[in-house]
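Scroll down for the structure; my scribbles are underneath it.
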Amino acid sequence: MAPGASGAPLPRGNGTATLSGAWYQFGSSGRFDIEVTIRDEKMEGSGQDEVGEFTVNGTLTATEVSFVKTYKEAHTLYYAGQAGDDGEYKGHYGFQAGEKYDRFDMMVENFTPVHRG
């Protein structure tokens, strides 16, 4: 399995992670950071970018990511992508599920496993 950007393992199992990436639109880009909790491949969390604060809900595995990004003061976006050999997730987002409005890329900056006791 390829490591994430900081050498942390890609998500496998339950834990917490920081996701950092960029979305692209009309030749411009914006950075985002998301703090997530992952349980049974389901993720939820929150973050911020230049559009505003948002929450995310979806799935995150070592090979795929899919989530809904809901801005507190704006619109909702649907993201879906695949992890490459370098550990970077790349895909598309849109205003409706399955729409390919434009693209994004994202790395797992850290992943801390949480073991059930």
Closest heavy-atom pair and its distance - [X], [Y]:
| X | Y | value |
| --- | --- | --- |
| W23 | V51 | CZ2-CG2, 4.1 Å |
| F111 | A17 | CD1-CB, 4.1 Å |
| R39 | N14 | CA-OD1, 3.0 Å |
| E50 | S29 | OE1-O, 4.1 Å |
| D49 | K69 | OD2-NZ, 3.0 Å |
| D102 | Q25 | OD2-CA, 3.2 Å |

Practice task
Could you walk me through whether F95 and Y101 pass the ring pair (Phe, Tyr, Trp, His ring centres under 6.0 Å) test, one step at a time?
Solution key: CA-CA 7 Å; F95 292 93; Y101 181 75; 5.0 Å; yes
Enter the distance from [X]:[atom1] to [Y]:[atom2] here, rounded to the nearest 0.5 Å.
| X | Y | atom1 | atom2 | answer |
| --- | --- | --- | --- | --- |
| Q96 | Y78 | CD | OH | 8.0 Å |
| M106 | R31 | CE | CZ | 11.5 Å |
| I38 | T112 | CD1 | OG1 | 9.5 Å |
| T63 | E41 | OG1 | CD | 8.0 Å |
| M43 | S66 | CE | OG | 8.0 Å |

Practice task
Could you check T55, V56, V36, N57 and say which one makes a side-chain contact (heavy atoms from CB on, under 4.5 Å) with E44?
Solution key: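 Only one of T55, V56, V36, N57 forms a side-chain contact (heavy atoms from CB on, under 4.5 Å) with E44, namely N57.
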Practice task
Start with the C-alpha gap between S20 and E109, add the side-chain angles, then the distance that decides, and say whether side-chain contact (heavy atoms from CB on, under 4.5 Å) holds.
Solution key: CA-CA 7 Å; S20 294; E109 294 296 329; 3.3 Å; yes
Practice task
Kindly say whether the aromatic ring centers of Y93 and F104 come within a distance under 6.0 Å.
Solution key: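 Centroid separation for Y93 and F104: 6.0 Å or greater.
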Practice task
Examine distances only and state if a side-chain atom of D86 and a backbone atom of E88 form a donor-acceptor pair shorter than 3.5 Å.
Solution key: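 Looks like yes, one N/O pair under 3.5 Å.
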Practice task
Side-chain contact test, heavy atoms from C-beta onward, threshold under 4.5 Å: evaluate it for V108 versus L19 and give yes or no.
Solution key: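 SC-SC contact between V108 and L19 confirmed.
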Practice task
Using the six-membered ring wherever Trp is involved, compare the ring planes of Y79 and F67 and label them parallel, tilted or perpendicular (cut-offs 30° and 60°).
Solution key: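 Plane angle under 30°, so parallel.
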Exercise for the section: Begin with the C-alpha distance, continue with both residues' side-chain angles, and end with the deciding distance and a verdict on side-chain contact (heavy atoms from CB on, under 4.5 Å) for T16 and N110. Expected result: CA-CA 8 Å; T16 60; N110 64 51; 5.5 Å; no
Problem - Donor on one side chain, acceptor on other, Y89 and E64, under 3.5 Å - result: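 Y89 vs E64: no donor-acceptor pair found between side chains.
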Exercise for the section: Check the side chains of T18 and E35 for a donor-acceptor pair under 3.5 angstrom, ignoring hydrogens and angles. Expected result: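 Yes, a side-chain donor-acceptor pair sits under 3.5 Å.
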